[in-house]
Amino acid sequence: RNVVLQNANKVIVTSEKLKNYYNKFTSNIVKITNGYDRTDFKYVLDKNFTITHVGSLYPDRNPEILWEVLETMCVNTKGFENHFRLQLIGNIDKKIKKRLNISKFSKCVSYKGYIPEKDTHSYIFSSQLLLMVESVDKLMSYVIPGKFFNYLFSKRPIIVIGPPDSEIEQIMNELKCGNYFEQDKKELLYNYLRECYSKFLKNELKEGQFSTEKYDRLNLTKKLVDLI
C-alpha cells in the first residue's frame with residue numbers, strides 16, 4: 001500500500017481526517033468530498049412534526065437514545081403524539097422494528113422500504129427534521145456518508161447520532177445546520193428535540209441560512225478536473 005501511495009501523482013480522499021491519516025505516508029493527498037446533485041426540486045413542507053431517516057438501520061446503527069427520548073416526549077409533552085411522524089426509508093433490522101412496534105410512538109412510525117436516491121428528495125425536502133445515525137465504531141468518524149450532503153442541500157435541520165470526534169460534527173458546527181449527539185448524550189438530545197418541537201408549533205423551525213455551494217457536485221467535478 002505504501003508503495004502505491006508514494007508513487008501516485010495524487011491520492012484523492014473524501015474527508016479531512018483521511019487526509020491527515022494518509023499524510024503520514026505521502027504528501028500528495030487531495031481532499032474532494034462527496035456531494036449533492038443540484039436540482040430545482042419543488043416541495044411543500046410537511047404539516048406534521050416529521051423526522052425522516054434515509055438509509056439502513058442495523059443493530060450497530062440503532063439509536064436507542066432517540067427511541068427513549070421520543071417515548072419521554074410522548075409522556076411529557078402534550079399533543080406530541082398527534083403531530084409526530086417518523087419516516088424510515090431503507091432496510092430496517094427486524095429487532096429494531098420489534099423495538100419500535102412496542103414503543104409509545106409506534107403509531108407514528110412509517111416504513112417506506114428501499115427507495116432510489118433520486119426519489120428520496122421529496123421526503124428529505126418536505127421533512128421538518130432529518131436524522132442520520134452512524135455506528136459508534138471509531139473508524140466511522142473518518143467517513144462522511146453521501147446522504148449527509150443531500151441533507152445539507154435541503155437546508156432542513158439535521159440530527160446526527162454518531163461516534164466521538166467525527167468530521168460530520170465539525171461540518172455541522174461550522175454550518176450550524178443542526179446538532180450532533182454521541183450515544184450517551186440523551187439529555188442534550190431531549191432538550192434539542194423539545195426546542196425543535198416548540199419552534200415547529202410556532203412555525204419557526206426554518207431552513208438553515210448557510211451555503212452548500214462547495215458540496216455541489218458540479219463544483220467538486222471542477223476541482224477534480226483541475227487535478228488532471
Side-chain angles (χ1 to χ4, degrees), residues 14-18 31 33-36 46 49-70 72-73 84-93 96 99-100 109 112 117 120-121 123-197 199-200 205-212 214-215:
T14 56
S15 73
E16 192 67 27
K17 289 191 73 172
L18 282 175
K31 182 185 79 171
T33 66
N34 205 330
Y36 61 84
D46 199 331
F49 184 64
T50 306
I51 300 177
T52 297
H53 178 274
V54 177
S56 300
L57 288 177
Y58 299 121
D60 68 336
R61 198 186 297 166
N62 178 18
E64 179 60 32
I65 63 164
L66 177 61
W67 311 148
E68 293 174 6
V69 162
L70 290 171
T72 303
M73 292 277 288
F84 175 57
R85 299 292 181 272
L86 176 64
Q87 294 185 140
L88 300 177
I89 299 171
N91 297 316
I92 310 301
D93 182 80
I96 296 177
R99 166 69 175 91
L100 295 177
V109 183
K112 303 299 182 182
E117 181 184 354
T120 63
H121 292 170
Y123 294 98
I124 291 173
F125 279 74
S126 62
S127 295
Q128 296 287 345
L129 287 171
L130 297 169
L131 171 66
M132 192 168 82
V133 182
E134 290 302 301
S135 167
V136 294
D137 189 332
K138 185 179 179 180
L139 291 177
M140 292 306 300
S141 69
Y142 289 78
V143 177
I144 310 176
K147 66 185 172 189
F148 178 65
F149 300 100
N150 288 336
Y151 281 14
L152 286 180
F153 183 44
S154 76
K155 297 196 175 181
R156 296 307 305 162
I158 305 170
I159 293 174
V160 178
I161 300 172
D165 194 29
S166 169
E167 187 156 342
I168 296 170
E169 182 177 12
Q170 297 170 23
I171 295 172
M172 293 183 73
N173 289 339
E174 174 191 340
L175 297 179
K176 295 180 173 53
C177 60
N179 267 12
Y180 186 100
F181 302 92
E182 296 173 25
Q183 290 282 356
D184 60 348
K185 304 300 183 184
K186 185 165 71 172
E187 185 175 353
L188 291 176
L189 176 58
Y190 175 64
N191 291 337
Y192 181 69
L193 265 181
R194 284 186 63 190
E195 177 187 343
C196 288
Y197 181 60
K199 288 181 178 178
F200 162 78
L205 192 58
K206 306 296 184 180
E207 66 178 32
Q209 301 300 309
F210 53 85
S211 173
T212 61
K214 67 179 179 179
Y215 300 119

Set out, in order, the CA-CA distance, both residues' side-chain angles and the distance that settles side chain to side chain contact (heavy atoms under 4.5 Å, CB included) for Leu152 and Leu175, then state yes or no.
CA-CA 9 Å; Leu152 286 180; Leu175 297 179; 3.9 Å; yes
Return the minimal non-hydrogen interatomic distance between [X] and [Y], and the atom names on each side.
X: Arg156; Y: Leu130; answer: CB-CD1, 3.9 Å
X: Ile92; Y: Gly55; answer: CD1-O, 4.3 Å
X: Ile168; Y: Val143; answer: CD1-O, 3.8 Å
X: Ser154; Y: Phe125; answer: CA-CE2, 3.7 Å
X: Ser127; Y: Gln87; answer: OG-NE2, 3.9 Å
X: Asp46; Y: Gln128; answer: O-NE2, 2.7 Å

Would you please name every residue forming a side chain to side chain contact (heavy atoms under 4.5 Å, CB included) with [X], sequence neighbours left out?
X: Val133; value: His53, Leu57, Arg61, Pro63, Leu131
X: Ser126; value: none
X: Gln170; value: Asp165, Glu167
X: Thr72; value: Asn76, Tyr190

Main chain of Glu68, side chain of Lys186: is a donor-acceptor contact present, judged purely on distance under 3.5 Å?
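No, Lys186 side chain to Glu68 backbone: no donor-acceptor pair under 3.5 Å.
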Taking the side chain from Tyr192 and the backbone from Glu187, do they hold a donor-acceptor pair closer than 3.5 Å?
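Checked: no pair found.
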Would Lys155 and Phe210 count as a cation-pi pair here, with the cationic atom under 6.0 angstrom from the ring centre and within 45° of the axis?
yes
Indicate yes or no: at least one non-hydrogen side-chain atom of [X] is less than 4.5 angstrom from one of [Y].
X: Lys199; Y: Lys206; result: no
X: Val54; Y: Tyr123; result: no
X: Lys185; Y: Glu182; result: yes
X: Leu66; Y: Leu189; result: yes
X: Ile159; Y: Met132; result: no
X: Ile96; Y: Trp67; result: yes
X: Leu129; Y: Leu193; result: yes

What residue pairs, at least two apart or across chains, pass ring pair (Phe, Tyr, Trp, His ring centres under 6.0 Å) with a residue in residues 126-151?
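Non-adjacent pairs meeting ring pair (Phe, Tyr, Trp, His ring centres under 6.0 Å): Phe149-Tyr215.
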Working to the nearest 0.5 Å, report the span between [atom1] of [X] and [atom2] of [Y].
X: Ile158; Y: Asn179; atom1: CD1; atom2: CG; result: 10.5 Å
X: Leu88; Y: Lys112; atom1: CG; atom2: NZ; result: 10.0 Å
X: Phe153; Y: Ile124; atom1: CZ; atom2: CD1; result: 11.0 Å

If you measure from the Lys or Arg side-chain nitrogens to the Asp or Glu carboxylate oxygens, is any gap between Glu174 and Lys214 under 4.0 Å?
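Lys214 and Glu174: salt-bridged.
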Among all residues two or more places apart in sequence or in another chain, which pass the salt bridge (charged side-chain N to carboxylate O under 4.0 Å, His left out) test with Glu117?
none
Ile51 and Phe84: side chain to side chain contact (heavy atoms under 4.5 Å, CB included), yes or no, with the steps?
CA-CA 8 Å; Ile51 300 177; Phe84 175 57; 3.7 Å; yes
In sequence, state the C-alpha distance, the side-chain angles, and the governing distance for Asn62 and Asp93, and then conclude on side chain to side chain contact (heavy atoms under 4.5 Å, CB included).
CA-CA 9 Å; Asn62 178 18; Asp93 182 80; over 6 Å; no
Check the orientation of Phe49 and Tyr197. Use parallel for under 30°, tilted for 30 to 60°, and perpendicular for over 60°.
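Ring orientation of Phe49 relative to Tyr197: perpendicular.
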What do the steps show when you test Ile144 against Asn34 for side chain to side chain contact (heavy atoms under 4.5 Å, CB included), and what is the final call?
CA-CA 8 Å; Ile144 310 176; Asn34 205 330; over 6 Å; no
Do you see a donor-acceptor pair shorter than 3.5 Å between the side chains of Lys31 and Ser15?
no
Check: Ser141/Ser166 side-chain N/O donor and acceptor closer than 3.5 Å:
no
Please check if atom CZ in Arg85 has more than 12 non-hydrogen atoms from other residues, nucleotides or ligands closer than 6.0 Å.
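Count over threshold, so yes.
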